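Notes to accompany the following structure.
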Number of protein chains: 2
Amino acid sequence: MRRDVFQAIADPTRRAIISLLALQAMTPNAIAEHFQSSRQAVSKHIQILSECQLVNQKQTGREIYYHFNAQKMKEVDVWMDQFRALWETRFSQLDNVLQNLKNKQS
Amino acid sequence: MRRDVFQAIADPTRRAIISLLALQAMTPNAIAEHFQSSRQAVSKHIQILSECQLVNQKQTGREIYYHFNAQKMKEVDVWMDQFRALWETRFSQLDNVLQNLKNKQS
DNA sequence: TCTTTTTGCAACCGTTTGATTGCAAATATA
DNA sequence: TATATTTGCAATCAAACGGTTGCAAAAAGA
């Protein structure tokens, strides 16, 4: 059972759930209303997000509000640091210009 | 067959391959030497990376050099933009301080 | 030419994934 | 108390995943 952040954001439905919760904490039922699949299917996605701590839950009565945990998402950002220089430097921009010229020729 | 960038970086072996190729373009054999699994298994990972355009190939003779495509990785970075404000603003830092205090109390 | 090297592709196999349905527990409401 | 609502959990299933082995094609070297 791999339960890391990278595996969690691999599924498009889970990415959509994350985007929803980043705007506002919601209950499973409220989340499920945004999707066509069953409540249980959405609930399983939430469970996966919960296991890798991308979301936290706060129970009030019988309702459970799921909150997005931005700090966990930062782990992806940290991994991406090693590539960021490759598209931010002028060198790579120059490379792109040359590459585009080459593609137009061939 | 989902073949997007998010699915591609979900696997730890593929992430390692990407990190290797970001430093230097390599042939499948050279890549496979860095891992314990078979060359064919690594080759399948490369194929997936190739299908979602995270790597490009340049053939010279019978050798194929795989190059990392940073621009494609940028798609992940763009998706993360929506969350970046949540950990960079002073507001969220204040939230963390309050949260930590709350956790220590309970 | 014959052999070696490099690579991709197909077949197979056990495990995981993402979805479904059904059901039980806990809380709120009439 | 009886009923409705909210939620989680278990069982099931087809498809995808990640690995293996075997083999064929193309290029390089003896």
Side-chain angles (χ1 to χ4, degrees), chain A residues 1-21 24-69 72 76 79, chain B residues 1-21 24-69 72 76 79:
Chain A
M1 230 195 310
R2 273 186 290 121
R3 283 298 126 90
D4 57 34
V5 185
F6 292 95
Q7 200 266 341
I9 65 173
D11 183 82
T13 303
R14 283 198 290 272
R15 285 201 300 280
I17 292 174
I18 291 171
S19 294
L20 274 177
L21 296 182
Q24 185 183 18
M26 298 173 79
T27 64
N29 265 341
I31 297 170
E33 285 173 3
H34 288 80
F35 301 93
Q36 291 183 331
S37 56
S38 69
R39 176 191 63 80
Q40 285 88 339
V42 172
S43 210
K44 277 177 127 186
H45 283 304
I46 295 173
Q47 192 180 12
I48 290 172
L49 295 175
S50 195
E51 283 175 11
C52 71
Q53 298 181 304
L54 267 173
V55 303
N56 303 321
Q57 44 183 310
K58 293 183 184 175
Q59 190 148 2
T60 61
R62 69 182 164 189
E63 289 181 334
I64 300 177
Y65 279 86
Y66 285 90
H67 296 251
F68 173 61
N69 177 20
K72 198 69 184 179
V76 179
W79 183 73
Chain B
M1 232 193 310
R2 273 185 290 120
R3 283 297 127 93
D4 58 33
V5 185
F6 292 95
Q7 200 267 340
I9 65 173
D11 183 81
T13 301
R14 282 198 291 271
R15 286 201 299 280
I17 292 175
I18 291 171
S19 294
L20 274 177
L21 296 182
Q24 183 183 19
M26 298 173 80
T27 64
N29 266 342
I31 297 171
E33 284 174 5
H34 289 78
F35 301 93
Q36 291 183 331
S37 56
S38 68
R39 176 191 63 81
Q40 284 88 340
V42 172
S43 209
K44 275 176 129 184
H45 284 305
I46 296 174
Q47 192 179 14
I48 289 172
L49 295 175
S50 194
E51 283 175 12
C52 72
Q53 297 180 306
L54 266 173
V55 303
N56 303 321
Q57 45 184 309
K58 293 183 184 175
Q59 189 148 4
T60 63
R62 68 183 166 190
E63 289 182 333
I64 300 178
Y65 280 86
Y66 285 90
H67 296 251
F68 173 60
N69 177 19
K72 199 67 183 182
V76 178
W79 183 73

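For clarity, every value in this text was computed on a predicted model and none was experimentally measured. Every heavy atom of this structure was used, including side-chain atoms; hydrogens, water molecules and symmetry mates were not. Order of the sequence lines sets the chain letters (A, B, ...), proteins ahead of strands, with each chain counted from 1.
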Among C:dG8, C:dA19, D:dG18, which is the nearest nucleotide to the side chain of B:I64?
-> C:dG8
Of A:Q59 and A:Q36, the one whose nearest nucleotide on DNA chain C sits closer to the 5' end is A:Q36
Value rounded to 0.5 Å, distance of NE2 in A:H45 from CD1 in A:I31 = 11.5 Å
Side chain of A:S43 (C-beta onward), nearest among D:dG8, D:dG18, D:dT7 | D:dG8
What's the closest nucleotide to the B:Q47 side chain, out of D:dG19, C:dC9, C:dG8?
-> C:dC9
So among B:K72, B:K44, B:R3, B:R14, which one has a salt bridge (charged side-chain N to carboxylate O under 4.0 Å, His left out) with B:E51?
-> B:R3
Side-chain N,O (B:R14) to OP1/OP2 (D:dG19) below 4.0 Å | no
What is the distance, rounded to the nearest whole Å, between atom CD1 of B:I48 and atom P of D:dC17?
-> 7 Å
Is there a donor and acceptor pair, one atom on the side chain of B:Q40 and one on the base of D:dG22, closer than 3.5 Å?
-> yes
When you check the phosphate oxygens OP1 and OP2 of C:dT21, does a side-chain N or O of A:R39 lie under 4.0 Å from one of them?
-> no
Residue-phosphate contact under 4.0 Å: A:H45 side-chain N/O, C:dT17 OP1/OP2 | no
B:F35 CZ to D:dG19 P, straight-line distance once rounded to whole Å = 10 Å
Rounded to the nearest 0.5 Å, what's the gap from OH on B:Y65 to OG1 on B:T27? Could you check?
-> 6.0 Å
Using atom CD1 of A:I9 as one end and atom P of C:dT17 as the other, report the distance to the nearest whole Å.
-> 15 Å
Is there a side-chain polar atom (N or O) of A:S38 under 4.0 Å from OP1 or OP2 of C:dT20?
-> yes
Heavy atoms under 4.0 Å, any strand shown: does A:Y66 hit a base, just sugar-phosphate, or nothing?
-> sugar-phosphate
Given atom NZ of A:K44 and atom P of C:dT17, what is their separation to the nearest angstrom?
-> 10 Å
Expressed in angstrom and rounded to an integer, what is the separation of A:I17 atom CD1 from C:dA19 atom P?
-> 9 Å
Gap between atoms CG and P, on B:L49 and D:dC17 respectively (whole Å) = 13 Å
About how many Å separate CG of B:L54 and CD1 of B:I48, when rounded to the nearest 0.5 Å?
-> 11.0 Å
What is the distance from CD of B:E51 to P of D:dC17, rounded to the nearest Å?
-> 10 Å
With distance as the sole test, does A:R39 use its side chain to make a donor-acceptor pair with the main-chain N or O of A:N29 at under 3.5 Å?
-> no
Donor-acceptor pair present, B:R62 side chain and C:dG8 base, under 3.5 Å | no
For A:N29 and D:dT5, what is the distance between atoms CG and C1' respectively, to the nearest whole Å?
-> 8 Å
Spacing of B:Q36 atom CD and B:T13 atom OG1 [to the nearest 0.5 Å] = 10.0 Å
Return no unless some side-chain N or O of A:T27 is found under 4.0 Å from OP1 or OP2 of D:dT7.
-> yes
Is any side-chain N or O of A:Q7 closer than 4.0 Å to OP1 or OP2 of C:dT17?
-> yes
